[in-house]
Q: 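Sharing a structure here in structure tokens format.
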Amino acid sequence: MKLDELFALLRRRGFLWPSSEIYGGAQGLYDYGPLGVALKRRLEDAWSAWFLGLSDDYYPIQPSELLPEPVVRASGHLENFTDPEALCGHCHHAFRAETVLEKVRPEGVDGLAPSAIAELIAQHHVLCPSCGQAALTVPAPFHLMFGVDFGVTGRERAYLAPETAQGSYLAFARMWDVGRKTLPLGLAVIGRAYRNEIAPRQVLFRMRAFTQAELQIFFDPASFPVPFADVRDERLPLLWAARRAEGATDIEWTSVTDLVAGGLPEFYVYHLAQLFRFLRDALGYPAERIRLFEKSESERAFYNRIQFDAEVRLDSLGGFREVGAVHYRGDYDLGRHSKGSGRDLTVTLTDGRRVLPHVLEITFGVDRNLWALADLHLAVEGERTVFRLPPYLAPIALGVLPLLKKDHGPYARSLLDRLRRAGIAAAYDSSASIGRRYARMDEAGVPFCVTVDGESVDPAGPTRDTVTLRERDSRAQERVAIAEIPARLADRLRPPRPVTAPAEIA
RNA sequence: GCGGGCAUAGUGUAGUCUGGUUAUCACAUAGGCUUGCCAAGCCUAUAACCCGGGUUCAAAUCCCGGUGCCCGCACCA
């Protein structure tokens with residue numbers, strides 16, 4: 001489906017729409033409606049079930065979304081947007097103003113206002129290094145982070161977190177004390193992050209406020225044991241940086257054991273495989289639409305030693321898009337915050353060694369994956385539109401429909417209540433024809449419907465208290481006793497957990 | 001930010017060039033009749049000219065400015 005078409009459908013059904021819509025919309029901001037909220041929550045629950053299920057030493061936390069200025073100074077985020085840029089109005093290339101002006105002003109341009117820099121460029125007739133035209137302009141400084149006044153004096157600054165990871169680094173010391181004082185220690189955050197993107201575009205893929213699910217694993221660089229047997233038979237769809245440099249774009253399915261033999265650390269490959277499995281097995285992305293894109297040294301941030309982005313091929317966005325990643329960040333983060341806070345963040349292990357833990361980060365874009373779920377599972381099949389979400393992700397699990405509103409409505413109402421009490425996210429619909437209602441349920445991704453008919457309410461008959469249970473994907477119907485419904489659906493409404501290898505028996 | 005294109009009910013559209021009655025049609029939505037398990041039919045209802053200014057007796061229509069979206073480029077620690 002094309003982007004416009006998919007977005008229109010999601011908006012019409014109340015999954016999501018542009019924020020401040022009645023004012024024409026706010027760029028890069030989106031609101032979720034009832035179905036969107038429910039889908040997002042189930043996606044987050046599925047993520048938690050999977051990644052917290054990897055180890056008893058991985059814990060959820062919920063850090064603040066507001067970071068005091070010293071924190072973002074230490075993390076490096078503050079310095080990274082202070083470089084004024086010079087843009088060429090002719091060829092549209094962008095350059096660091098400092099680079100362009102290094103000959104006429106060797107002391108640098110730090111602290112100069114954009115207007116002052118523009119004046120320097122004009123005075124010295126600086127030409128565009130790329131096309132040679134005198135068309136350089138200096139736009140107002142671009143702030144990646146949203147800064148806010150903090151405290152009553154207004155002199156202190158705080159920033160909306162540009163990534164949730166920082167909260168985990170800040171919480172590490174506390175969680176070390178709270179926990180079992182062993183490594184590895186994983187901290188999982190599902191939270192909002194904020195970036196003042198230059199050009200928000202492509203709906204949920206470039207937002208100014210978005211939700212990330214991230215797992216930061218702190219580990220001893222000398223030893224990070226993982227249950228590698230759990231993934232030993234897995235093959236991963238890789239796109240190597242070196243092969244890309246040669247112009248190749250084809251995916252190479254490679255076994256995880258070969259990856260380890262090729263030099264990647266076992267702990268890295270294990271978690272990369274788990275991310276791949278989550279996308280394929282829990283979110284139901286077709287394996288052939290997933291690829292693991294290795295970032296070359298120049299493409300990744302300097303502190304990332306190994307980075308593969310998990311990408312999914314989406315028709316609505318015309319190609320592969322990043323939906324998650326695994327970063328080996330070394331000791332960069334704790335090192336920066338150790339220096340910035342003045343607090344020693346090294347820990348003493350049981351063998352007496354003091355180490356500054358390294359970080360493995362598994363990051364996952366919640367909104368992006370919500371979009372990917374819609375792109376990959378929402379299908380127009382002739383007259384029919386079906387949202388084939390895995391049942392445990394469906395916003396509504398069960399539709400309760402009276403075949404005839406008058407005759408079966410009251411019974412269906414009380415059935416609805418009973419099923420809700422059993423913990424099933426059920427919805428009632430009595431309007432229009434039964435076929436139309438099934439169609440609406442299909443479009444909203446409801447995996448199951450029960451229909452109350454004359455047989456259900458027949459006081460004497462043997463079919464009393466039975467209903468037809470309809471499955472979205474097959475449209476098959478079956479007559480079942482009401483009492484059996486919760487048990488029948490329970491397994492299919494629970495998100496999957498990572499598969500573990502059977503214990504080896506000596 | 002730059003270049004190009006687009007903007008009419010919830011969705012898709014007619015009307016715009018060539019200004020002129022109450023803005024077209026379909027689907028969707030709500031209620032009713034009918035119907036007894038897959039978007040059937042009939043009746044009724046709700047609902048739109050992106051915003052601001054200008055020209056004109058009169059603007060959805062012409063002009064200017066703005067905003068938003070789409071595509072490409074740039075940007076995306």
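Only a predicted model underlies this, so the values are computations on that prediction, with no experimental measurement involved. Below, chain A is the first sequence line, B the second, and so on; all start at residue 1.
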Q: Students often get this wrong, so: under 4.0 angstrom with heavy atoms, is A:Thr385 touching a base, only sugar-phosphate, or nothing?
A: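 It contacts base atoms.
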Q: Using atom P in both nucleotides, what's the gap between B:rA60 and B:rC43 to the nearest angstrom?
A: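 Taking atom P in both B:rA60 and B:rC43, they lie 31 Å apart.
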Q: For the residue pair A:Arg470 and A:Tyr438, would you count it as a cation-pi contact if the rule is NZ or CZ under 6.0 angstrom from the ring centre and within 45 degrees of the ring axis?
A: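 A:Arg470 over A:Tyr438 ring: yes.
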Q: Using the P atom on both, measure B:rC70 against B:rG12 and round to a whole Å.
A: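 Rounded to whole Å, the distance is 14 Å.
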Q: When you get a sec, tell me which of B:rC37, B:rG10, B:rA77 is the closest nucleotide to the side chain of A:Glu163?
A: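 Looking only at side-chain atoms, A:Glu163 lies closest to B:rA77.
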Q: B:rC76 C1' sits how many Å from A:Asn196 CG, rounded?
A: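 Taking atom C1' of B:rC76 as the reference, CG of A:Asn196 is at 12 Å.
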Q: Checking A:Arg336 side chain against A:Ala74 main chain: does a donor-acceptor pair fall under 3.5 Å?
A: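 Pair found, side chain donor or acceptor close to backbone of A:Ala74.
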Q: Could you work out which one of B:rA28, B:rC75, B:rC37 sits closest to the side chain of A:Thr451?
A: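 So the nucleotide nearest the side chain must be B:rC37.
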Q: Compute the ring centroids of A:Tyr30 and A:Phe15, then answer whether they are less than 6.0 Å apart.
A: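 They do not qualify: ring centres at least 6.0 Å apart.
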Q: Suppose you measure atom C1' in B:rU16 against the same atom in B:rA74; what distance do you get, rounded to whole Å?
A: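 About 35 Å, rounded to a whole number of Å.
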Q: Using the side-chain heavy atoms of A:Gln477, tell me which of these nucleotides is nearest: B:rU11, B:rC38, B:rA77.
A: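 Nucleotide nearest to A:Gln477's side chain: B:rC38.
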Q: A:Phe210 ring centre to A:Arg192 NZ or CZ under 6.0 Å, with the angle to the axis within 45°?
A: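 A:Arg192 over A:Phe210 ring: no.
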Q: Under 3.5 Å between N/O atoms: give me all the protein pairs with nucleotides 32-36 of chain B, atom names plus distance.
A:
residue: B:rG32; atom: OP2; partner: A:Lys405; partner atom: NZ; Å: 3.4
residue: B:rC33; atom: OP1; partner: A:Lys406; partner atom: NZ; Å: 3.4
residue: B:rG36; atom: O6; partner: A:Asp407; partner atom: OD2; Å: 3.1
residue: B:rG36; atom: N2; partner: A:Gly454; partner atom: N; Å: 3.0

Q: In what stems does RNA chain B take part, counting only runs of at least 3 consecutive Watson-Crick or G-U pairs whose two distances fall under 3.5 Å?
A: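 Result, WC/G-U stems under 3.5 Å: B:1-7 with B:67-73, B:10-12 with B:25-27, B:29-33 with B:41-45, B:50-54 with B:62-66.
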Q: Measure distances between side-chain N and O atoms of A:Arg470 and base N and O atoms of B:rC38, and say whether any donor-acceptor pair falls under 3.5 Å.
A: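 Side chain to base: pair present.
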Q: Counting distance only, does the side-chain N/O of A:Arg321 pair as donor-acceptor with the main-chain N or O of A:Leu317 below 3.5 Å?
A: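 Confirmed, A:Arg321 side chain pairs with A:Leu317 backbone.
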Q: Counting only side-chain nitrogens and oxygens, does A:Thr468 get under 4.0 Å of the OP1 or OP2 atom of B:rC37?
A: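 For B:rC37, OP1/OP2 do not have a side-chain N/O of A:Thr468 under 4.0 Å.
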Q: Separation of A:Arg11 atom CZ from B:rA28 atom P, in whole Å?
A: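 Spelled out: CZ on A:Arg11 to P on B:rA28 is 19 Å.
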Q: Of A:Leu3 and A:Phe302, whose closest RNA chain B nucleotide lies nearer the 5' terminus?
A: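 In this pair, the answer is A:Leu3.
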Q: Hey, is CD on A:Glu381 packed in by over 12 heavy atoms from elsewhere, all under 6.0 Å?
A: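 Yes.
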Q: Quick one: does A:Asp331's side chain have a donor or acceptor within less than 3.5 Å of a partner on A:Leu356's backbone?
A: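 Side chain of A:Asp331 to backbone of A:Leu356, a donor-acceptor pair under 3.5 Å: no, none is there.
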Q: So, is A:Arg440 close to the B:rA30 phosphate, meaning a side-chain N or O under 4.0 Å from OP1 or OP2?
A: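 Yes, A:Arg440 has a side-chain N/O under 4.0 Å of OP1/OP2 on B:rA30.
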Q: Is there a side-chain contact between A:Arg436 and the phosphate of B:rA28, meaning an N or O under 4.0 Å from OP1 or OP2?
A: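 The answer is yes; a side-chain N or O of A:Arg436 sits under 4.0 Å from OP1 or OP2.
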Q: Do the two ring centres, one from A:Phe218 and one from A:Phe172, sit under 6.0 Å apart?
A: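 Yes, the ring of A:Phe218 comes within the 6.0 Å limit of the ring of A:Phe172, centre to centre.
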Q: Can a cation-pi geometry be assigned to A:Arg157 and A:Phe150, taking NZ or CZ under 6.0 Å from the six-membered ring centre and within 45° of the ring axis?
A: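 Judged by the rule, A:Arg157 and A:Phe150 form no cation-pi pair.
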Q: Test your reading of the model: is there a side-chain donor-acceptor pair from A:Arg289 to the backbone of A:Arg313, 3.5 Å cut-off?
A: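 Present.
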Q: Using the C1' atom as the point on both nucleotides, what is the distance between B:rA23 and B:rC49, in whole Å?
A: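 Comparing C1' positions in B:rC49 and B:rA23 gives a spacing of 8 Å.
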